[in-house]
Each structure stands twice: as structure tokens, then as C-alpha cells.
Protein chains: 2
Amino acid sequence: MSDTLNPPRKRQAVTIKHVAAEAGVSLQTVSRVINNGPNVTPAVKERVKAAIEKLKYVPSLAARGLSGSRSYLILALNDKEPTVEGWREGRGNDWIDQMLLGGMLRSADFGYRMLFELVDSHSGKMIEQIEAALLSLRPDGVILTPPHTENQAISDLLSRYGVPFARLGSRGGEDGFSIAMDDAAAASAAVDHLHGLGHRRIGFITGSPEYRASEDRLAGFRDTMHKHQCLDEGLIEPGDFSYQAGAEATRRLLALDNPPTAIIASSGEMALAVLGVAREQRIAVPDALSIVSFDDTPTMRLTLPPLTAIRQPIAPMAATAAELLITVKNGEAQERSHILPFELIVRQSTAPCPR
Amino acid sequence: MSDTLNPPRKRQAVTIKHVAAEAGVSLQTVSRVINNGPNVTPAVKERVKAAIEKLKYVPSLAARGLSGSRSYLILALNDKEPTVEGWREGRGNDWIDQMLLGGMLRSADFGYRMLFELVDSHSGKMIEQIEAALLSLRPDGVILTPPHTENQAISDLLSRYGVPFARLGSRGGEDGFSIAMDDAAAASAAVDHLHGLGHRRIGFITGSPEYRASEDRLAGFRDTMHKHQCLDEGLIEPGDFSYQAGAEATRRLLALDNPPTAIIASSGEMALAVLGVAREQRIAVPDALSIVSFDDTPTMRLTLPPLTAIRQPIAPMAATAAELLITVKNGEAQERSHILPFELIVRQSTAPCPR
DNA sequence: AACGTTCTTGAGAGCGTTCACAAAAATGCT
DNA sequence: AGCATTTTTGTGAACGCTCTCAAGAACGTT
């Protein structure tokens, strides 16, 4: 809350009224032109457009939001934790700038704005915080990013308010949109890549089991390994996306009598952990051990060696989410689940199998 | 612009009216309480607050913005280029998540929101784009980030509209706020660090001369080297913050008859370039060559070796900027230039001088 | 006790737009 | 030509809040 009462009003700006006068039509007609409404004579439309151009008119978001049924706002929920904590560990929130890029630019195409809410899942007041944002902004759609994609309390809240939402990087539940890559296919591609290099004993570190993406990646791994007749359940180690868990899983894998010659990690963090442990144990990467990472982040390229990784198309995902949320007509049935193509970026952490 | 006319109105929400009825006071009194206005009897204030709590009332940003003299919005201008282009090169826009963190959280303390505008300086329509954003959002303040901090066209535009603005990472001009670290002192600290390790021949790669920060860093370097009686103008090479320029400057420095034993780069990009060229020429870092970077980014920690760097406190800078813009009273003279403490993060790219 | 101050509260207009509906113009049909 | 229909345009209310200004209550002063 602000400390004082407000200063006097700002100077007058160009409003729809001025445009209407300039073009010699009514307010409503101008509004129709702005909103691409139907039933406007081309001549009138041109006249209005010229007036808009001439007066440099831009509609006020606040007025549109207040008056109309839409706010022209998309709210993106991001976790506060990785941003706050991550800095010291050398990582930022890799999603945010990509979301800005994809989501904001696509939103802009529709006259929308995207804005962020940093949400703290540990605060206990997360739901209240989101509810306040909903009430204050009345966004036309909400984008959920990990680790909030499959949070039931959040999706319940959004459903209760009737705000359409999209989950990014998750196949999601019954409600809302989901935009993700094909995690199973991605895992499969990673296996094929390594198998093609001659690897047969391939380790896999899973993500947190409560995420559908984790299951999918593991399923893709299992299926494809089975197809190649290389599946050894002993080479599957549980992880939870964190560096710590990745390091522990790696140690267990490397301590096996017959250790893997390659490891696929279900997250970028964990892939860095594999690399870290390998370095610690003086195991040469990629000569003695190949590594494939999920979640390609900018840092993957700067490690030594740079990591081969599955890239999740975050910017396109955010763009798709924004577009879906903006163009959704409630009532019309629509495809709720969208799969975007992943990319396998081959760098130098994968090499032919030594044996 | 949207494709169609709008759907019917949303369902009714809790408004200030309901709160007023609940508390048995007038609209205006509720408004006073919300805005922390003066002259409200404690008893009434409590009654209103209880009603707000009970009804879960949250004021509508749009209505406040439309009605009042302030929009409760801070607009942050970020360059589109590094975000779009940077991805493939393995770097994101390192500023954005830190700005979100510092700027958004501090803004929230005042009931404000911060939102971003990705601006393309090469598009030729940059000014129009910013003007449209100004008109549409009517932000109460604008934050400028590199490379827009010292763009005259932008500051002119903002002055014309009477929107307060702040430059981040720049000592800036006559108008607006500037929030920066003490670049000269930072350069000085880098020199002292290296000098303390025994280095006497220290190379310096400058930033683009049109940025005040570049001058300051160079001046700090010169002064401190002079103080240590080690200044050799031949070890100062021009750069422009880019990797390319950094690489070229490094090659020139290393090709000298008596090359430096340490190099200070005026940007993180250029520091990476120094490291890249050193690796290329099989010069051991830090054994044969020490490196200090300006602009500590998450990637600095992941290089081999991790880079010693000056950290610019981006999040605190953004927080300060937000607070200044929100609390500025026009009319009152205020300190326009704010200096925040930097940090010298010593990692493994600096070591005692070999000779 | 009568009056001017200050403190507290309230009433009404207005912010810039869209919505619902009504009026006017153009079109089609018999 | 005359009337029903459709297309195009306009009117007034509403959105939820703050601003301006005025009224009422509480206080002190002579």
C-alpha cells in the first residue's frame, strides 16, 4: 500500500473521443475498428484508422480492462526459489527469459501483455498470493511453469475463478491446457544416439516421480532400451531433478561392478552433477563416460566438455500457451494437450563407446 | 488487435462498494484506508480492514489506474537482441531474472507491479514502440537497462511524457535517476587484487567508449596502476563489450614482446574471450595468465577455471530503481545518482604471478 | 455561549473504454 | 412500391476506483 494520498491528475491524453471527433464518427465505431469488429464500412474504417494514426492514439489498457470483459493480460507464474537461491550457485531461472521471449512476443501479436508473478511455494501463503494477483489483475489466462505445473491447489483455484490456464512442460491433468515436448520420444532419441555410438550399458537417473514428465522420460528410456535389448533395471537410479540427488545417483552407478558407459540424466542440474562426480573420480568425459542431459540451458554449452542435451523448446511453448489462452473460446471444445518438437543437441559429452 | 468482439461480462467480483456496505461507511472512507490516507479514526480504520479481510477484497489495478493519477506500474525496458540471439550462443539475458527478483519484489512492497518491454534497438521503430507502451500502460516509472541506458532518444521521450526513469548500471546524464556500482572503485579493486598476487604487467580491455561505465572502469584502472607505479599504456586495448572484440584485444596483448601476466576485461563476454584465446594458444589459466571479469553472470562460475569477477548487484539496483521511481515526489529535489556496493568474487582464474 | 478551526466523513463527477440495446440506413423480397 | 430483414451506426449505462469539494463532528478560543 502506498504511503500517501495521490497527487493530482496527469495531463490529458488522446482518447477514443478525440479519434471519434477527428474521424466524424461515434465512439462506438472507433471501438469497433480497434477491436476488428464486424459490420464496419471499409470507407469508415479507413477514416478511423487515419485518425488513429494522425493522433497517435493508443487505447488505454486500464480502461479496456475495466470496461470490457477482458484484461488483455496473461499472468505467468514462476517459482521464486530458483531465482533467489540459484544465483549463488551459478544458475538463474533459465525459464524466465525464454518465456519472456516466446510468451511476451506472441502475446503482443494479439494486443496482449504478459506479466510475471514470482511465487513462493514454501511460504504457505502461495495460494493467497495468487488469488490476490488474480483479483487485482483479472488476467485472461495464466501460465504455470515448473514446479507449479501439477499443483492441484493452484489449478483448483484457477478453475474456481474460471481463468483458463496452461501448464508448460507437463502433460498435465484433466483441466487446462498442457504444452510440452514428447518426453518419451526425447528419452528414446537420447538412447538411440548413445546406442548408435555403441553404448549398451546406459544408466538413467530419473526425475521426481510426482511429475508426469519424469514417468514419460523413464518410460521412453525403458521402452527403447528394451527394444535394443539392453535394458538393465539395475542401471536406473532415482533422482529428483536436483544436483544433490544427481550426484548420489551417479556415485551409485559408477560404483557398480559393471558400471555404465553412458548416463542419461533427467534434468540439467543432474547432468551437471554427473559431470562433477566424473571429474571428481577422474573419469574422462566423454572418453570413458558419455553424458546426455535433459533441459538444455545456456550453461550446458559452457561446461567442459559442453553437454549433449535434449532441448525443451521453452520459448515456443510459452508462445503456444499464450496464443491458446488468448484465443480460447469457452464453450468450444479444443485440443487441450499440445506436443512441441524437442531437439537433441549433440555436443561433446557423448562419444563412441570405449569398449 | 483481437479478431472478434468481446464475450459478455465476467461474473461480479467483490468491489470497494461491498466493503463499504459491510463496514457501514462510504466508498471514500474505504479508499482512504486502502491508500493509507490521513485523518481516519482508528476505530473506523479497523472496521474497514476487517471488512476487507472478511470479503477477501483486493482492489482492481485497472480501476485504480484509470481513475487515479497513478497506474501502479513500473515498466522495465530490456533489449530484445541478447535474448533472441543469445540463446544459440549459450547465454540468456542475464539481467532479466535478477531484475525480476529485485525490481518486482520491491515494487510489490509498495503495491506496484513491474512489467517488461522487450525493445529492439535495431528495428527503427523502437521509439514508437516505447511510446505505445507508455500510452497504453501509463507507467509511473521506467527502468532503463543496457544498452539503452544512455540513449538520448529514449530519455527525451520519457522527459516529454513526464515519466520518471532510472538508468541501471550507468552514472547517466542530467535527467532521471542513475543506479550503478562504483565502476572506478571496482576496477581499482581488481587491480589491487592482482597486484597483491604479485602481478605488475596487467592488461586492460576497455568497453565501448560511449558508455560512462567504460570510462570509469578505465579511469579506475589507470589511477590504481599509476598509484602502484605499474601503468603501461601499451597494455590498454580497446574493446566494445563483445566476445569478438575481446578476442582480438587479447591476441594483441598476448602477441606483445613482454605480454601481461594478467588481464582485466571490462565485460563478461570479453573475459570469456580472453579465456577462449588463452585456451586456443595453450596458455594455462591461471598459472600463466590471470583473468578478472567485469559483469559476473551465472556462466562465470561454470567455466574452467571459474572466473574471478566483479559482481554488479543487479537485483539490488533494480530494487533501488523501483523504490526511487515509486516514491519520487515531483517537485522535491532528490539525490539522482545512487552508488551501490560491488563485490569482487575471487574464483580460480587469478593466481600468484608466475615470475 | 458563540464562533472559527481543524479533523473526519460523505456525495458526485469523472477516468477511457466496452456492453447492451436502439436507431438509422441499406438491402432483399413479393 | 411497400414491408421485413439485415447491415451499419449511435446512445446511454456501466466497469471500480480516485478526485474534488462540501458537509458534519469535535475541538479550542475569546
Side-chain angles (χ1 to χ4, degrees), chain A residues 1-2 4-21 23-48 52 55 57-72 111 135-138 140, chain B residues 1-2 4-21 23-48 52 55 57-72 111 135-138 140:
Chain A
M1 310 235 176
S2 53
T4 65
L5 282 186
N6 293 333
R9 288 176 187 285
K10 286 179 187 169
R11 73 180 176 73
Q12 194 80 337
V14 176
T15 75
I16 200 173
K17 225 167 181 171
H18 303 140
V19 176
V25 296
S26 72
L27 292 189
Q28 183 52 34
T29 302
V30 177
S31 176
R32 280 199 189 88
V33 173
I34 294 169
N35 293 288
N36 244 319
N39 306 334
V40 187
T41 310
V44 175
K45 198 170 192 169
E46 280 318 308
R47 205 139 40 89
V48 172
I52 288 174
L55 300 180
Y57 167 73
V58 179
S60 150
L61 234 211
R64 299 230 279 175
L66 180 57
S67 164
S69 55
R70 38 175 68 175
S71 62
Y72 296 91
L135 256 21
S136 161
L137 298 168
R138 274 151 224 289
D140 295 336
Chain B
M1 313 234 173
S2 53
T4 64
L5 280 186
N6 294 334
R9 287 176 188 285
K10 286 179 185 168
R11 73 179 174 75
Q12 194 82 337
V14 176
T15 76
I16 199 173
K17 225 168 180 169
H18 303 139
V19 176
V25 296
S26 73
L27 291 187
Q28 182 52 34
T29 301
V30 178
S31 176
R32 280 199 190 87
V33 173
I34 294 170
N35 292 289
N36 244 316
N39 306 335
V40 187
T41 308
V44 175
K45 200 168 190 170
E46 282 319 307
R47 205 141 41 89
V48 171
I52 288 174
L55 300 179
Y57 168 72
V58 178
S60 150
L61 236 210
R64 301 230 280 173
L66 180 57
S67 162
S69 54
R70 39 177 67 175
S71 61
Y72 296 89
L135 256 22
S136 162
L137 299 168
R138 273 153 226 286
D140 295 335

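Bear in mind that the values here come from a model prediction, so they are computed numbers and not experimental data. The chains referred to below are lettered A, B, ... by the order of the sequence lines, with proteins before strands, and numbering in each begins at 1.
Side-chain nitrogen and oxygen atoms of S67(A) include none within less than 4.0 Å of the OP1 or OP2 phosphate oxygen of dG16(C). In this model, the phosphate group of dT8(D) is approached by a side-chain N or O of N39(A) to a distance below 4.0 Å at OP1 or OP2. Put simply, Y72(B) has no side-chain N or O that comes within less than 4.0 Å of OP1 or OP2 on dC17(D). The side chain of S26(A) contributes an N or O atom lying less than 4.0 Å from OP1 or OP2 of dG10(D). Checking the phosphate oxygens (OP1, OP2) of dC15(C), no side-chain nitrogen or oxygen of S60(A) falls inside 4.0 Å. Remark: N35(B) is in phosphate contact with dT18(D), judged by side-chain N or O atoms under 4.0 Å from OP1 or OP2.
In this entry the distance linking CG of D140(B) with P of dT18(D) reads 13 Å, nearest Å. Look at CG on L27(A): it is 19 Å from P on dC21(C), rounded to the nearest Å. Following rounding to the nearest Å, I34(B) (CD1) and dC19(D) (P) show an atom-to-atom distance of 12 Å. Between the P atom of dG16(C) and the CG atom of L55(A) lies a distance of 14 Å, rounded to the nearest Å. One can place CZ of R138(A) at 20 Å from P of dT17(C), the figure rounded to the nearest angstrom. Atoms OH (Y57(B)) and C1' (dC17(D)) sit 7 Å apart, rounded to a whole Å. Separating the CG atom of L66(B) from the P atom of dC15(D) is a distance of 14 Å, rounded to the nearest angstrom. The nearest whole Å value for the distance from the CZ atom in R47(B) to the C1' atom in dG10(C) is 14 Å.
Taking every side-chain heavy atom of T41(B) into account, dT9(C) is the closest of dT9(C), dT7(D), dT18(D). Closest approach to the V44(B) side chain among dC17(D), dT9(C), dT8(D) is made by dT9(C) (side chain taken as heavy atoms from C-beta onward). For Q28(B), taking side-chain heavy atoms from C-beta onward, the closest of the listed nucleotides dT18(C), dC17(D), dT18(D) is dT18(D).
Side chain R32(B) to base dT9(C): a donor-acceptor pair is found below 3.5 Å.
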Side chain to side chain contact (heavy atoms under 4.5 Å, CB included) assessment of K45(B) paired with N36(B): CA-CA 9 Å; K45(B) 200 168 190 170; N36(B) 244 316; 4.0 Å; yes

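The two atoms that bring A62(A) and G65(B) nearest to each other are CB-C, 4.4 Å, heavy atoms only.
Side chain of T15(B) to main chain of K17(B): a donor-acceptor pair is present (N/O by atom type, distance under 3.5 Å, no hydrogens or angles).
Take the nearest nucleotide of DNA chain C for T29(B) and for K17(A): the residue whose nucleotide is more 5' is T29(B). Along DNA chain D, the nucleotide nearest to V30(B) and the one nearest to V40(A) differ in position, and the one closer to the 5' end is contacted by V40(A).
Exactly one of V40(A), I16(A), V19(A) qualifies for a side-chain contact (heavy atoms from CB on, under 4.5 Å) with V33(A). That residue is V40(A).
Using a 4.5 Å heavy-atom cutoff, the side chains of N35(A) and R64(A) are in contact.
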